[in-house]
There are 2 protein chains.
Amino acid sequence: MLRPHTSSKPVSIKDIARIANVSHSTVSRALRNSPLVHPSTAEQIRKIASESGYRASAVARSLVNRRTHTIGVVVTTIADPFNGEVVSGIEDKANHLGYSVFLANSKSEPERELRVVHSFEERRVDGIIVTSSRVGAHYADLLERMNIPVVFLNNHNPGNFAYSVSIDDGNGAREATNHLLDLGHTRIGYIGDEFGLRSNENRLSGFRGALRSRGVKEHAEAMESGDGSCAEGAAAMERILKRTPLPTAVFCYNDQTALGAMSALHARGIRIPEEISVVGFDDLPAASYASPPLTTVRQPMEQMGRRAMEILAGLLSGETAGIEGVEKFDGELIVRRSTASPKK
Amino acid sequence: MLRPHTSSKPVSIKDIARIANVSHSTVSRALRNSPLVHPSTAEQIRKIASESGYRASAVARSLVNRRTHTIGVVVTTIADPFNGEVVSGIEDKANHLGYSVFLANSKSEPERELRVVHSFEERRVDGIIVTSSRVGAHYADLLERMNIPVVFLNNHNPGNFAYSVSIDDGNGAREATNHLLDLGHTRIGYIGDEFGLRSNENRLSGFRGALRSRGVKEHAEAMESGDGSCAEGAAAMERILKRTPLPTAVFCYNDQTALGAMSALHARGIRIPEEISVVGFDDLPAASYASPPLTTVRQPMEQMGRRAMEILAGLLSGETAGIEGVEKFDGELIVRRSTASPKK
DNA sequence: GTGAAAGCGCTAACAT
DNA sequence: ATGTTAGCGCTTTCAC
């Protein structure tokens, strides 16, 4: 059985003042190392504070300062490993800068997205970071109307935002495709994310651009799309496998899609890369432990998260030197063993 | 270039009072649907509030209520997929119960762990959930001393805590081992997590118990340990592969360890499950897309997260009916294709 | 049904 | 160097 929690109120600045026989403002000053307080009294106050387990109330402080030193992070779901990496970077930087982070999952449900943003407003977060948002222009408006800075990270929306950090999708896709082309592939498929999403469009057009510049024509039988998950990646690959001729290589929107596709290939006994090469995008930790290890375009996910937080902190402090509104990171092609030249 | 953010103060209860020509207390009542306010004035007030984009300040409210409706979640790192699933469950439940969640990564660094908990104290979170903590008794004391309820989830510490939800490690390990035994394996290895961690000890003793009850003796050449990561799982497997005789099956502390082990096996050209069977623990999403799909013990991670949040909420509201202090979830053996009978 | 006043735990003038 | 006072945006007596 469980016993309900009985809480007693925390010690306050006044309690300390009483013990130290000074006014509460002196305590306030001492605790924030104001030079305006006598060293010895300051010393004594700090001693009492630490002995009594005093913890300044951030909520009271926030009320007067109008700054909570708190940010809100909206992700579709933190269970997605991509978001996990990004949030890890955000939290790390936030922690070092003295910010606490509220985390909320939107699940891409507009109704929930709204609730989440409202709660952030009520909490008076100083700023917001939104990662991988799939929701539309309506939501963007909502955020713009809030009177606090918002930084987007790899947003899928076609909307235009003032501040964002994202991967160079086009370039990454081009590099990946060129790698396949260099290996001699000519029947290359693409398994995308939902169509209409910006990042997918950009990767797709990078893919197409690479083909075009080598005079290779698109292999229409192997153009498919999923939703960025393993499950849909597998399903998409299965659809491709029903059509002929089979591609000799497939470029996937992301690693999860690629991992799903690989599992469909394995299930059919099709060897990777001997029969079909597979390339992903992201370089999730799982990519290097797949079998075979997955060739992919690395996104510096943690670093991007950290950068988003830095930009936000810049916006909040006014120190905006060296910060661009829209920052693009370069992907890096990581060649592993899921790609090889096609058999003759 | 980026323009620093210029914020104007949000509309307050007083602003609305002025416009509605009532006192701010009436506004406060109206907005919280107090029956003490005349329907028509309430109506008018709500209209003004919504038109002006009013958002009640949770920080002001918290100051008077002494409740922030906020909880703190400490994870080692949110980049770990296990924690991602758990936090997803916590956040989901918290959201429905009207709580916001602060997320912090401890990275298992005691110094950072301390900072994180202190910041939670200052933020006046109503409660704390700690997942997969690896830090020792010292930290546990710190938490116990705080005057707010703490719920642990799968803590690795040998310490004893008032409130916790965890998986039944022993039983899960026993089931997994029995599965291997049923298949006819007699040379079974174990790749653990760091020794000394409670969960590892429990899985290991479940493993040993199962062997013992069938009269199979431990295969000492294949007892190894990593740190719960793919990388160390692979390294541990490589060490095992240097010794003879090889095991015909290996049970791993968790899926990541198993996935790493599988990748080491693949790299050496050893077939799974024909030559060596592999079993994991957790059932991460990646497990079903591994090749071959991984046999593992499923932990209901999201559900455990939700339950931890429920318990915490119960502690906070005093509704403790149907809540045990220490709750154990049962794992479920999921047989996939990474296990088979050993070749004769 | 509504207003006036006090107070939550701090910070920041403004005295002294 | 320290104390007094006001106020941050709310909720909650207590009057009326």
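Quick note on labels: first sequence line is chain A, next is B, and so on, each numbered from 1. Below, all heavy atoms of this structure are taken into account, side chains as well, without hydrogens, waters or symmetry copies. Because the structure is a prediction, the values reported are computed rather than measured.
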Roughly, in whole Å, what's the span from [atom1] in [X] to [atom2] in [N]?
X: A/Arg67; N: C/dA12; atom1: CZ; atom2: P; answer: 13 Å
X: B/Lys14; N: D/dA6; atom1: NZ; atom2: C1'; answer: 11 Å
X: A/Ile16; N: D/dT2; atom1: CD1; atom2: P; answer: 16 Å
X: A/Leu63; N: C/dG9; atom1: CG; atom2: P; answer: 12 Å
X: A/Leu31; N: C/dC10; atom1: CG; atom2: C1'; answer: 11 Å
X: B/Arg66; N: C/dG7; atom1: CZ; atom2: P; answer: 13 Å

Please list, chain by chain and in numerical order, all residues satisfying side chain to side chain donor-acceptor pair (under 3.5 Å) with A/Arg307, sequence neighbours excluded.
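Listed in chain order: A/Glu310, A/Glu327.
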Is there a side-chain hydrogen bond (donor to acceptor under 3.5 Å, both in side chains) between A/Ser25 and A/Ser23 once you walk through the steps?
CA-CA 5 Å; A/Ser25 9; A/Ser23 76; 3.3 Å; yes
Going 5' to 3' along nucleotides 11-16 of chain D, which nucleotides have protein heavy atoms under 4.0 Å from the base (write B), which only from the sugar-phosphate (write S), and which from neither (write -)?
BBB---
Can a donor-acceptor pair be found, under 3.5 Å and without considering hydrogens, that links the side chain of [X] to the backbone of [Y]?
X: A/Asp126; Y: A/His69; value: yes
X: A/Arg66; Y: B/Lys9; value: no
X: A/Ser62; Y: A/Ala58; value: yes
X: A/Asn154; Y: A/Ile167; value: yes

May I ask you to evaluate whether [X] reaches the phosphate of [N], defined as a side-chain N or O under 4.0 Å from OP1 or OP2?
X: B/Lys9; N: D/dC8; value: no
X: A/Ser23; N: D/dT4; value: no
X: A/Ser12; N: C/dG9; value: no

State plainly whether the residues A/Glu51 and A/Lys47 are in salt-bridge range, i.e. N to O under 4.0 Å.
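Between A/Lys47 and A/Glu51 there is a salt bridge, with a charged N closer than 4.0 Å to a carboxylate O.
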May I ask you to say what B/Val22 touches in the nucleic acid, namely base, sugar-phosphate or nothing, with a heavy-atom cut-off under 4.0 Å?
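Sugar-phosphate, backbone atoms only, no base.
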For A/Asn21, report the nucleic acid contact type (base, sugar-phosphate, nothing); a contact means any heavy atom under 4.0 Å.
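Touches sugar-phosphate only.
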Considering all heavy atoms, the nearest A/Asn83-A/Ile78 contact:
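The pair with the smallest heavy-atom distance is O-CD1, 4.1 Å.
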Flag side-chain contact, heavy atom, 4.5 Å: A/Ile128 against A/Met146:
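In short, these two side chains touch, coming nearer than 4.5 Å.
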For residues 33-53 of chain A, which residues have at least one heavy atom under 4.0 Å from DNA chain C?
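Residues of residues 33-53 of chain A under 4.0 Å from DNA chain C: none.
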